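Chain naming here is simple, since letters A, B, ... match the order of the sequence lines and numbering starts at 1 in each. The model shown is predicted, which means the values in this text are computed figures rather than measured ones.
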Number of protein chains: 2
Amino acid sequence: MTDDSIANHGSAPATVDEFRERLTQITPDLPRRLRQCADYIAAHSDRIAVSTVAELAAGADVPPSALMRFCQIIGFSGFSEMQKLFREAYAPGWPDYSTRLRNLKEGGAGSPAALLAEFIEAGRLSLESLAKTVDETALADAVQTLSKAETIHVVGFRRAFPVASYLVYVFEKMSVPAMLHDGVGKLDHRFALRPGDAVLAITFAPYSEETLTLAQDARDRGLPVIGLTDRVTSPLARTSSAIITVPEVDFGAFRSLSATIALALSLAVAVGSARE
Amino acid sequence: MTDDSIANHGSAPATVDEFRERLTQITPDLPRRLRQCADYIAAHSDRIAVSTVAELAAGADVPPSALMRFCQIIGFSGFSEMQKLFREAYAPGWPDYSTRLRNLKEGGAGSPAALLAEFIEAGRLSLESLAKTVDETALADAVQTLSKAETIHVVGFRRAFPVASYLVYVFEKMSVPAMLHDGVGKLDHRFALRPGDAVLAITFAPYSEETLTLAQDARDRGLPVIGLTDRVTSPLARTSSAIITVPEVDFGAFRSLSATIALALSLAVAVGSARE
DNA sequence: AGCTTTTTGGAATATTTATTCCATTATGCA
DNA sequence: TGCATAATGGAATAAATATTCCAAAAAGCT
């Protein structure tokens with residue numbers, strides 16, 4: 001390490017974002033031990049706020065002094081200054097969210113507030129788990145396929161229906177030709193499927209017969225089918241050209257749909273902008 | 001404080017839940033300064049993991065030694081032991097969730113994965129903010145009103161429609177008589193409103209004319225109207241007997257609906273069980 | 001291979017932070 | 001009102017933690 005690069009002093013990152021930027025920027029040309037620090041910190045930045053130098057150093061498998069040097073190279077005066085940044089940035093997430101949740105639950109099991117707390121929690125967990133498990137490739141494939149389609153046929157019944165209807169609403173707002181197969185009047189819309197179209201089918205266990213049928217139908221005619229479902233083993237997988245799974249956490253017999261809607265929304269917006 | 005009560009030693013809470021339980025249990029008969037500690041800690045337990053004794057003591061407006069005593073009364077050997085509990089319990093929420101989000105975003109602005117990350121984030125924020133701002137009284141009132149209604153008329157268009165339709169789905173599953181006013185075929189269902197019924201109206205800015213009209217109509221006939229909307233200044237407030245607001249965070253022009261659905265769901269389930 | 005420069009580990013030190021102790025003040029009781 | 005008991009604040013001490021420094025090892029260069 002030359003004197004020049006230590007001259008980063010005095011320009012400490014002021015936000016977590018700045019920190020990450022600097023981190024990725026300097027990581028490539030760092031000697032072995034310092035690289036270990038950078039890698040470990042990048043993967044566990046959430047623990048900086050609650051750990052000691054010794055603990056982090058042990059995690060990165062380097063002596064404490066190496067971690068110390070690392071902090072200084074990034075621009076901090078030392079570890080404490082870096083930790084301060086993370087301790088302060090730690091508030092915005094949940095100023096006292098968990099406390100509040102607990103209070104809500106104390107209204108007593110079955111009280112509306114307690115129920116709400118449970119659903120909020122389920123929603124949050126679903127979103128987090130979606131972030132962790134989403135298959136980016138499948139998502140990109142789906143976007144690709146749908147943006148090339150003439151008309152997008154969206155189908156979903158029962159609890160998938162709200163998602164389907166929201167999708168169509170968003171497609172409309174973005175001027176993407178889309179059709180909602182909602183089964184109103186028991187009309188069978190399958191003749192609306194035309195060459196060049198694509199189907200976006202949404203269903204969760206217990207899988208809706210109508211949805212599967214429409215997907216199969218589209219498949220038979222050679223149209224691409226994008227499946228939005230809960231497991232890779234879903235019957236929808238057999239008929240779909242791309243399948244995206246959403247890990248939704250239930251509370252009781254009902255699911256929050258948070259993750260499903262977030263996914264549907266990003267799908268729709270991505271398709272909308274790809275088509276412009 | 002007698003010697004007996006200090007004898008809590010050796011039975012330190014092993015989980016955050018146990019901690020809270022003990023806290024509420026002992027708070028009532030605590031002298032002034034210790035009570036201050038208990039209150040402050042209860043309201044800010046999320047900051048224990050990242051603060052020093054001095055900081056927390058300053059927050060509670062007591063000398064550090066008082067906070068120290070407080071820790072021991074709860075059963076810990078000292079502050080450090082208490083902090084340890086919170087530092088360890090801090091992981092379960094997001095093993096590396098934020099890291100993951102960041103990676104998703106790095107696919108580039110506009111990429112499907114980046115969009116998804118944004119929507120996930122918006123959903124999470126919405127849920128948290130719902131937890132913090134929900135009006136428990138209004139919620140309880142709404143449940144009360146709806147459980148006494150013969151038939152519940154649910155109305156919501158555009159982006160409120162997915163919520164309305166999900167509500168009706170859940171009501172059906174719970175055998176609650178409910179009717180979705182969806183405007184299919186431009187049919188005007190308002191004659192369906194009968195004495196003893198109630199209306200659950202959902203609308204967000206820009207408020208849908210049809211929804212407001214139906215709410216007004218119900219009001220004129222003396223039926224209770226529950227409003228689910230985005231601000232207390234919503235036009236829906238004028239016609240509603242109870243109004244519940246949902247702080248939904250938008251990303252771009254679209255909203256995640258996570259908070260709205262969580263709220264709707266708990267409303268429906270609470271009503272469903274109240275009617276049994 | 002021999003010399004120079006960079007990197008490394010760990011022991012020594014400085015600083016911060018937790019914890020205890022006790023003199024003082026307040027409170028409850030006869 | 002006076003005595004006993006509990007509560008309090010702050011200064012002194014102990015412990016943990018961060019930080020520096022330097023000798024030794026490794027890497028790069030001629």
Side-chain angles (χ1 to χ4, degrees), chain A residues 1-10 12 26-41 47-88 90, chain B residues 1-10 12 26-41 44 47-88:
Chain A
M1 189 53 36
T2 72
D3 284 335
D4 286 342
S5 52
I6 292 188
N8 271 328
H9 269 248
I26 65 161
T27 298
D29 31 46
L30 238 37
R32 182 163 137 268
R33 285 282 114 115
L34 292 177
R35 173 80 68 100
Q36 277 174 254
C37 293
D39 289 346
Y40 183 82
I41 290 293
R47 298 224 53 95
I48 296 175
V50 293
S51 304
T52 64
V53 175
E55 283 163 359
L56 290 177
D61 197 28
V62 299
S65 49
L67 213 150
M68 217 55 223
R69 263 192 294 275
F70 169 80
C71 296
Q72 290 168 343
I73 282 168
I74 291 235
F76 296 104
S77 68
F79 174 76
S80 299
E81 198 177 304
M82 177 169 104
Q83 187 174 56
K84 189 158 158 251
L85 175 66
F86 282 86
R87 285 191 168 173
E88 277 160 9
Y90 160 82
Chain B
M1 189 54 35
T2 71
D3 285 332
D4 286 342
S5 54
I6 293 189
N8 270 328
H9 269 247
I26 66 162
T27 297
D29 31 45
L30 237 39
R32 183 165 137 268
R33 285 283 114 114
L34 293 177
R35 172 80 68 100
Q36 278 174 253
C37 293
D39 289 346
Y40 184 81
I41 290 294
H44 302 89
R47 296 222 56 91
I48 295 175
V50 294
S51 304
T52 65
V53 175
E55 284 163 358
L56 289 177
D61 197 29
V62 299
S65 49
L67 213 148
M68 217 55 225
R69 263 192 295 275
F70 170 80
C71 297
Q72 289 167 344
I73 282 169
I74 292 237
F76 296 104
S77 68
F79 175 77
S80 300
E81 198 177 304
M82 178 169 102
Q83 187 174 55
K84 189 157 158 251
L85 175 66
F86 282 85
R87 286 190 169 173
E88 277 160 8

Base, sugar-phosphate alone, or nothing: which one does A:R32 contact when heavy atoms must sit under 4.0 Å apart?
sugar-phosphate

Numerically ordered, the residues 59-66 of chain B set in heavy-atom contact under 4.0 Å with DNA chain C is B:S65

Taking only distance into account, with no hydrogens and no angle test, what donor-acceptor pairs under 3.5 Å do side-chain atoms of residues 57-65 of chain A form with protein atoms, sequence neighbours excluded?
none

When B:M68, B:K84, B:M82 are each screened for side-chain contact (heavy atoms from CB on, under 4.5 Å) with B:F76, the one that passes is B:M82

Do B:R69 and B:Q72 have side-chain atoms, one donor and one acceptor, less than 3.5 Å apart?
no

Interatomic distance, A:R87 CZ vs D:dA18 P [rounded to whole Å]
9 Å

Of the listed D:dT20, C:dT20, C:dT8, the closest approach to the A:Q72 side chain comes from D:dT20

Roughly, in whole Å, what's the span from CE in A:M82 to C1' in D:dT19?
14 Å

Whole Å only: how far is the CG atom of B:L34 from the P atom of C:dA26?
17 Å

Can you tell which of D:dT19, C:dT20, C:dT8 lies closest to the side chain of A:P31?
C:dT8

Donor-acceptor contact present, side-chain B:E81 to main-chain B:G75, <3.5 Å
no

Drop me the distance from A:I26's CD1 to A:I73's CD1, to the nearest 0.5 angstrom.
6.5 Å

Distance, rounded to the nearest Å, where B:M68 contributes CE and D:dG10 contributes C1'
15 Å

If I take atom CD1 in residue B:I74 and atom P in nucleotide C:dT19, what distance separates them, rounded to the nearest angstrom?
14 Å

Non-hydrogen atoms of A:S51 and A:R47 that approach each other most closely:
OG-O, 2.8 Å

Rounded interatomic separation in angstrom, taking CZ from A:F79 and P from D:dT20:
14 Å

Length of the CG-P vector between B:D29 and D:dA6, whole Å:
15 Å

Picking from C:dT17, C:dG9, D:dG9, the nucleotide nearest the side-chain atoms of B:R69 would be D:dG9

For the pair made of CD in A:Q83 and C1' in C:dT15, what is the distance, rounded to whole Å?
14 Å

Check whether any side-chain heavy atom of B:F79 lies under 4.5 Å from a side-chain heavy atom of B:L56, and answer yes or no.
yes

